[in-house]
Asks: 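Right, I'll just put the structure down here and ask away after.
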Amino acid sequence: GENVEQHPSTLSVQEGDSAVIKCTYSDSASNYFPWYKQELGKRPQLIIDIRSNVGEKKDQRIAVTLNKTAKHFSLHITETQPEDSAVYFCAASGTDRGSTLGRLYFGRGTQLTVWP
Amino acid sequence: EAQVTQNPRYLITVTGKKLTVTCSQNMNHEYMSWYRQDPGLGLRQIYYSMNVEVTDKGDVPEGYKVSRKEKRNFPLILESPSPNQTSLYFCASSLGVNNEQFFGPGTRLTVL
């Protein structure tokens with residue numbers, strides 16, 4: 001099955017700086033890569049996703065890049081603000097060995113802290 | 001309002017006492033999942049379902065059961081809870097595996 005690794009596990013930046021979180025995956029057949037944000041005490045929510053036919057996608061201060069050859073994808077947050085402080089999870093779609101059903105595999109998360 | 005609901009939101013129980021956490025969605029989603037979240041371990045998938053009567057194990061299925069008799073409901077059953085199942089549980093639903101997952105509010109379970 002798929003294996004998703006996420007780095008770093010914690011990240012502290014000054015307000016206004018950029019933040020980058022990186023994930024690698026193992027299954028070359030994976031074709032969907034979402035990013036979720038989880039604020040303290042709340043449920044995870046999708047902030048951006050990318051599919052394998054696209055190399056980059058932007059939404060205001062957030063962007064995701066995908067390198068299929070190297071099997072890694074990254075989340076970029078520019079002009080960070082204190083409200084960006086949260087846990088961020090990457091994920092990749094895939095299929096377990098012996099199963100025909102697709103599922104999402106999550107990274108372990110990155111705690112981002114933005115200092116005023 | 002489109003949403004995923006879970007009940008109960010908080011539960012304290014004792015080892016061995018069977019319990020069910022309900023999950024319901026009103027978005028006509030085919031794909032539903034259960035996750036547990038523990039500090040430092042992220043979101044680990046317990047079970048998932050592609051449609052009615054179609055379910056499969058995730059990363060940590062031991063000690064859990066699920067059923068998908070109706071499209072909207074996906075209950076999580078702990079037949080004999082143990083303290084290592086103390087965790088925060090999330091249900092999620094989506095149109096398909098390659099679509100946005102909508103998470104429920106979470107259920108915090110403590111097994112004494």
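First the proteins, then the strands, lettered A, B, ... as listed; each starts at 1. Values reported hereafter were calculated over all heavy atoms of this structure, with side chains retained and with hydrogens, waters and symmetry mates removed.
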Asks: Measure distances from B/T55 to the heavy atoms of chain A and classify the residue's part below 4.5 Å as side chain, backbone, both or neither.
Replies: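 Contact with chain A: backbone only.
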Asks: Relative to chain B, which segment of A/Q6 carries a heavy atom at a distance below 4.5 Å: side chain, backbone, both, or neither?
Replies: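 Contact with chain B: none, neither part.
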Asks: Check this for me, if you would: do B/R36 and B/D59 make a salt bridge, where the nitrogen-to-carboxylate-oxygen distance has to be below 4.0 angstrom?
Replies: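 Looking at B/D59 together with B/R36, the answer is no, because their closest N to O distance does not fall below 4.0 Å.
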Asks: Would you mind checking which part of B/F90 comes under 4.5 Å of any heavy atom in chain A, side chain (CB onward), backbone (N, CA, C, O), both or neither?
Replies: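 Just the side chain, heavy atoms under 4.5 Å.
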Asks: What part of B/F102 is in contact with chain A, defined as an atom under 4.5 angstrom from a non-hydrogen atom: side chain, backbone, both or neither?
Replies: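 Nothing of B/F102, per the 4.5 Å heavy-atom cut-off to chain A.
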Asks: Is the distance between the ring centroids of A/Y36 and B/F103 under 6.0 Å?
Replies: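 Yes, they do, as the ring centres are separated by less than 6.0 Å.
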Asks: With no hydrogens and no angle check, do the side chains of A/T80 and A/D17 hold a donor and an acceptor under 3.5 Å apart?
Replies: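 A/T80 vs A/D17: no donor-acceptor pair found between side chains.
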Asks: If you round to the nearest 0.5 Å, how far is OG of B/S80 from CG of B/L19?
Replies: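 That separation rounds to 10.0 Å.
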Asks: For the residue pair B/F74 and B/Y47, is the inter-centroid distance of their aromatic rings smaller than 6.0 Å?
Replies: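 Centroid separation for B/F74 and B/Y47: 6.0 Å or greater.
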Asks: Relative to chain B, which segment of A/P34 carries a heavy atom at a distance below 4.5 Å: side chain, backbone, both, or neither?
Replies: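 For A/P34, there is no contact with chain B at all, as no heavy atom is under 4.5 Å.
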Asks: Answer with side chain, backbone, both or neither: which region of B/Q37 has an atom nearer than 4.5 Å to a non-hydrogen atom of chain A?
Replies: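 The answer is the side chain of B/Q37.
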